[in-house]
Structure formats: structure tokens, C-alpha cells
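Here is how names work: the chains are called A, B, and so on, in the same order as the sequence lines, proteins then strands, and each is numbered from 1.
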Number of protein chains: 2
Amino acid sequence: MPHRRADVVARALAVLDAHGLADLTMRRLAADLGVRPSALYHHLASKQELLGAVADSVLARRPPPAPTGEWAADTAATCAWLRESVLAYRDGAELVATVASYGLGARAAYDAVVAALGPAGLDDALTGTAARTLWHFVLGHALDEQTHLQADSVGALPGRDDPRHRRPEPDFDRGLGLVLDGIGLRARSHGHV
Amino acid sequence: MPHRRADVVARALAVLDAHGLADLTMRRLAADLGVRPSALYHHLASKQELLGAVADSVLARRPPPAPTGEWAADTAATCAWLRESVLAYRDGAELVATVASYGLGARAAYDAVVAALGPAGLDDALTGTAARTLWHFVLGHALDEQTHLQADSVGALPGRDDPRHRRPEPDFDRGLGLVLDGIGLRARSHGHV
DNA sequence: ACCTGAACACCGTTCAAGT
DNA sequence: ACCTGAACACCGTTCAAGT
């Protein structure tokens with residue numbers, strides 16, 4: 001039975017999650033679909049386009065939270081959504097960060113951060129700066145976790161190396177709080193609430 | 001004349017700067033040195049090791065600024081140094097970010113950020129969180145510039161697309177200020193000075 | 001010590017041709 | 001429309017052998 005573009009992208013997502021970004025090759029994906037590599041180019045123009053579509057699938061698994069108008073809570077919720085979305089798939093953070101930095105996808109997710117930030121009342125340029133700062137923080141942090149770099153080895157204050165402690169949310173929340181407070185100092189209504 | 005490891009790494013840095021990270025392959029580097037690809041493995045165990053060494057070369061071009069004890073000024077200066085270091089070579093940000101996230105190098109640079117932050121008096125865990133937040137901000141921001149994504153297209157508030165405006169330092173400085181202020185709220189002496 | 005030669009197991013992409 | 005077959009121009013790495 002013939003495949004459609006959506007089948008190819010869905011299968012690519014499965015390969016990503018099962019084997020990682022390094023093993024998500026056009027040839028392996030083709031083999032997985034029971035087809036020759038050249039057949040993929042009937043559905044997609046390039047591997048770049050495939051990666052963009054897969055990244056968008058990762059981010060479409062769950063929709064971003066609907067804004068309530070409280071910028072700090074909305075922004076925190078949107079960042080948490082982005083984090084959870086990329087952590088839900090193997091190498092999700094690396095994929096989304098790469099795709100976004102080459103402008104191949106993930107636009108809706110970035111726009112969701114900008115939208116959440118809106119009611120803070122920053123001027124356009126500063127809103128963009130704040131959104132990019134949050135974007136890099138969330139993806140960089142998730143990337144550290146997923147390449148696991150066991151989190152504190154990029155990390156590692158000399159002398160602090162407990163073997164297996166998850167250090168899960170607290171580190172993310174504290175870092176996010178840092179940035180949100182910095183934004184809060186510049187928001188229309190000082191003190192981010 | 002035979003080569004030494006340092007020659008190989010120096011040549012790799014030249015290839016990086018002239019042709020970009022995608023073209024920095026073992027085969028191309030070997031050809032550039034007038035040698036067969038297999039000869040490189042006499043000097044380096046793997047391409048990963050090469051990339052780690054090249055990243056360290058990028059960061060060794062200039063030493064990080066010496067701390068003065070004023071954490072906010074020192075941290076800003078160290079971030080500026082990191083930014084300038086990676087921007088000084090083609091694809092420098094991508095290289096350093098990748099190498100760091102896989103734990104292959106760039107440790108001294110990260111430690112310099114931690115050291116600058118020291119006098120802020122945060123506890124160890126929060127110092128690490130703050131340092132990683134800054135690290136991701138600086139490299140993510142530089143990456144956006146270098147993949148030029150023309151800066152505001154990860155970016156692009158809908159309706160704001162002037163064609164060719166550099167938007168150089170201000171955006172970086174404002175983003176950095178955001179994070180530094182967030183850190184300042186948690187520093188021993190509130191208000192980051 | 002430093003390198004060659006030859007191989008292994010891969011890549012992304014194009015394009016004429018089949019059905 | 002969807003795919004095959006065959007090719008092109010590449011990858012990183014290993015290993016026996018040369019000097």
C-alpha cells in the first residue's frame with residue numbers, strides 16, 4: 001500500500017523516539033517503511049523538511065496552554081509545556097532547537113511564548129528578546145537533561161558529585177523564576193503578578 | 001614533514017573558520033593536511049575528540065576576564081567574553097554549544113561563569129542553575145546570529161520585518177540584563193551591585 | 001612515530017524508468 | 001501518484017603494512 005506524507009512523518013517520529021536523532025536517517029526511515037530511499041523524495045523535498053515536520057509533530061502532541069491574561073503564569077505554563085513536549089520524545093530538545101535555529105519549524109511554539117508575554121506590556125523589541133531568552137533557557141536546559149550529561153556535569157561544581165540524583169523540576173523552576181523575575185522588573189506592572 | 005596533534009587541531013580551526021562546521025570532516029581535514037584520513041587517527045582518537053579540542057582552541061583565543069569581586073560586572077564581562085569568543089569563528093557558537101552539551105570540552109569557560117558568579121553568594125545549586133541559564137542564553141543568542149536566521153526570524157513578531165538591520169549588541173545586552181537582574185534579586189546584597 | 005592502502009559500513013540526493 | 005534501480009559524491013573508522 002502506498003504511503004502519504006503524513007505516514008512518512010509519523011514513522012520518522014517513531015524512529016526518532018526509538019533510536020535517537022543520529023539514527024533518524026533517510027535510508028533507515030525508508031527501510032523502516034519498506035521502501036527505497038529515493039521514494040521518500042516523492043513525499044518530502046529534503047531531510048531538512050522532514051526534520052521540520054517531525055519537530056512540529058513533537059510540538060503538536062499537546063497544544064500549548066490557552067492564555068489567561070496573567071503574563072507571568074501564562075509564560076511559566078507555556079515554558080513548562082514546551083519543556084514537557086520536547087522531553088516526551090528521545091532527543092526532542094536537540095531536534096526542536098536545531099530546527100528552530102535554522103528556521104525550519106517550531107514557529108507556533110515560539111509564537112506561543114510571545115503571546116503569553118504580551119500582557120507584560122514590554123515594547124516589541126524587548127518582548128522578542130525576552131521570548132528568545134526563555135526559549136534558549138528551556139531548550140538548553142532540556143538538552144542538558146536529554147544528552148544527560150547527568151545534568152550537573154556541564155555542571156559539576158568541583159566536589160559535588162552525588163551519583164544518581166534526578167534533580168528534576170527544582171532546577172528548571174528556579175532557572176525559569178530567575179528569568180521571569182528579570183522580565184517582571186521591566187513589566188508594566190512591576191513585580192511579576 | 002610529520003604533523004603533531006597541535007598542527008592538526010590548528011588546521012581544523014582554519015577549516016572551520018573558512019568553510020563552516022558542516023565542512024569540517026575528517027576526510028577534508030586530512031586532504032587539507034596532505035595526508036590520508038586514517039593518518040588523523042594517529043593524533044586523535046575520534047572526531048568527537050577533535051571537535052572538543054577545536055572548541056577549546058576557540059575559547060583559548062583570548063583568556064576570560066580576571067574577576068574583580070563585583071559579581072554583576074564580572075559576570076557580564078565573562079558573558080561578553082564568551083560571546084565574542086564564539087562569534088570570532090564561523091559556527092563558533094554551534095561548535096561550543098554542541099561540545100559542551102556532550103561534555104567534550106569548554107569546561108574552563110563554564111567554570112569562568114561560575115567563578116564570576118561566586119561573590120553573589122548564592123548557594124551551590126542556585127549558582128549552577130544561574131550559570132547554566134547564562135550559558136544557554138549567551139550561546140543560544142550567538143547561535144541565532146551565526147545561523148543568521150537574521151536574528152529576528154526565530155524572532156519575527158508578525159508585521160515587523162525590516163529587511164537588513166543589524167540589531168547587534170542592544171539585544172544581547174538587554175537579554176543579559178534580564179537574567180542578571182533575576183540573579184540580583186537572589187544575591188546576598190539585593191539589587192545587583 | 002607517522003603514514004599509506006584498502007576496506008567496511010554507512011550517508012543525502014538525483015534521475016531515468018517502471019506500474 | 002508512487003515507487004524501483006542505479007548511480008554520484010560523499011561520511012567516520014579500522015587495520016595491516018610500510019618507512
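Checked by atom type, the side-chain pair A:His141/A:Asp171 shows a donor-acceptor distance below 3.5 Å.
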### Task
Go through the steps for B:Leu176 and B:Leu134 under the test side chain to side chain contact (heavy atoms under 4.5 Å, CB included), then give the verdict.
CA-CA 8 Å; B:Leu176 180 58; B:Leu134 289 164; 3.7 Å; yes
### Task
Kindly determine whether A:Phe137 and B:His136 satisfy ring pair (Phe, Tyr, Trp, His ring centres under 6.0 Å), including the steps that lead there.
CA-CA 6 Å; A:Phe137 166 71; B:His136 295 139; 7.2 Å; no
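Nearest to the side-chain atoms of B:Tyr41 among the listed nucleotides D:dC3, D:dG12, C:dT4 stands D:dG12. Taking the side chain of A:Arg27 as heavy atoms from C-beta on, and the options D:dC3, C:dC2, C:dG12, the nearest nucleotide is C:dG12.
Distance, B:Arg36 CZ to D:dT13 C1': 16 Å, rounded to whole Å. Rounded to a whole Å, the NE2 atom of B:His42 is 15 Å from the P atom of D:dA16. In this structure, the CZ atom of B:Arg28 is 23 Å from the P atom of C:dC11, given to the nearest Å. If you take CE of A:Met26 and P of D:dC8, they are 21 Å apart, rounded to a whole angstrom. Following rounding to the nearest Å, A:Leu40 (CG) and C:dC11 (P) show an atom-to-atom distance of 12 Å. One interatomic measurement links the two molecules: CG of B:Leu50 to P of D:dC11, which rounds to 14 Å at whole-angstrom precision. Straight-line distance from the CD atom of A:Glu49 to the P atom of C:dG12: 15 Å, rounded to whole Å. Following rounding to the nearest Å, A:Lys47 (NZ) and D:dC10 (P) show an atom-to-atom distance of 18 Å.
Residues satisfying the salt bridge (Lys or Arg N to Asp or Glu O under 4.0 Å) test with A:Asp32, not counting sequence neighbours, are A:Arg11, A:Arg28.
Spacing of P atoms, C:dA9 relative to D:dC10, comes out at 22 Å, to the nearest Å.
For the atom pair B:Glu94 CD and A:Thr98 OG1, the distance stands at 7.5 Å (nearest 0.5 Å).
Remark: A:His3 is in phosphate contact with D:dC3, judged by side-chain N or O atoms under 4.0 Å from OP1 or OP2.
Taking the charged nitrogens against the carboxylate oxygens, B:Glu84 and B:Arg61 have no contact shorter than 4.0 Å, which rules out a salt bridge. Between A:Glu145 and A:Arg83 there is a salt bridge, since a side-chain N of the basic residue sits under 4.0 Å from a carboxylate O of the acidic one.
Within 4.0 Å of B:Ser38, counting heavy atoms only, lies at least one base atom of the nucleic acid.
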### For DNA chain D, the dot-bracket pattern of Watson-Crick and G-U pairs whose distances stay under 3.5 Å, | for other-strand partners
||.|||||...|||||.||
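Across the interface with DNA chain C, nearest-nucleotide mapping of A:Thr25 and A:Ala39 shows A:Thr25 to be the residue nearer the 5′ end.
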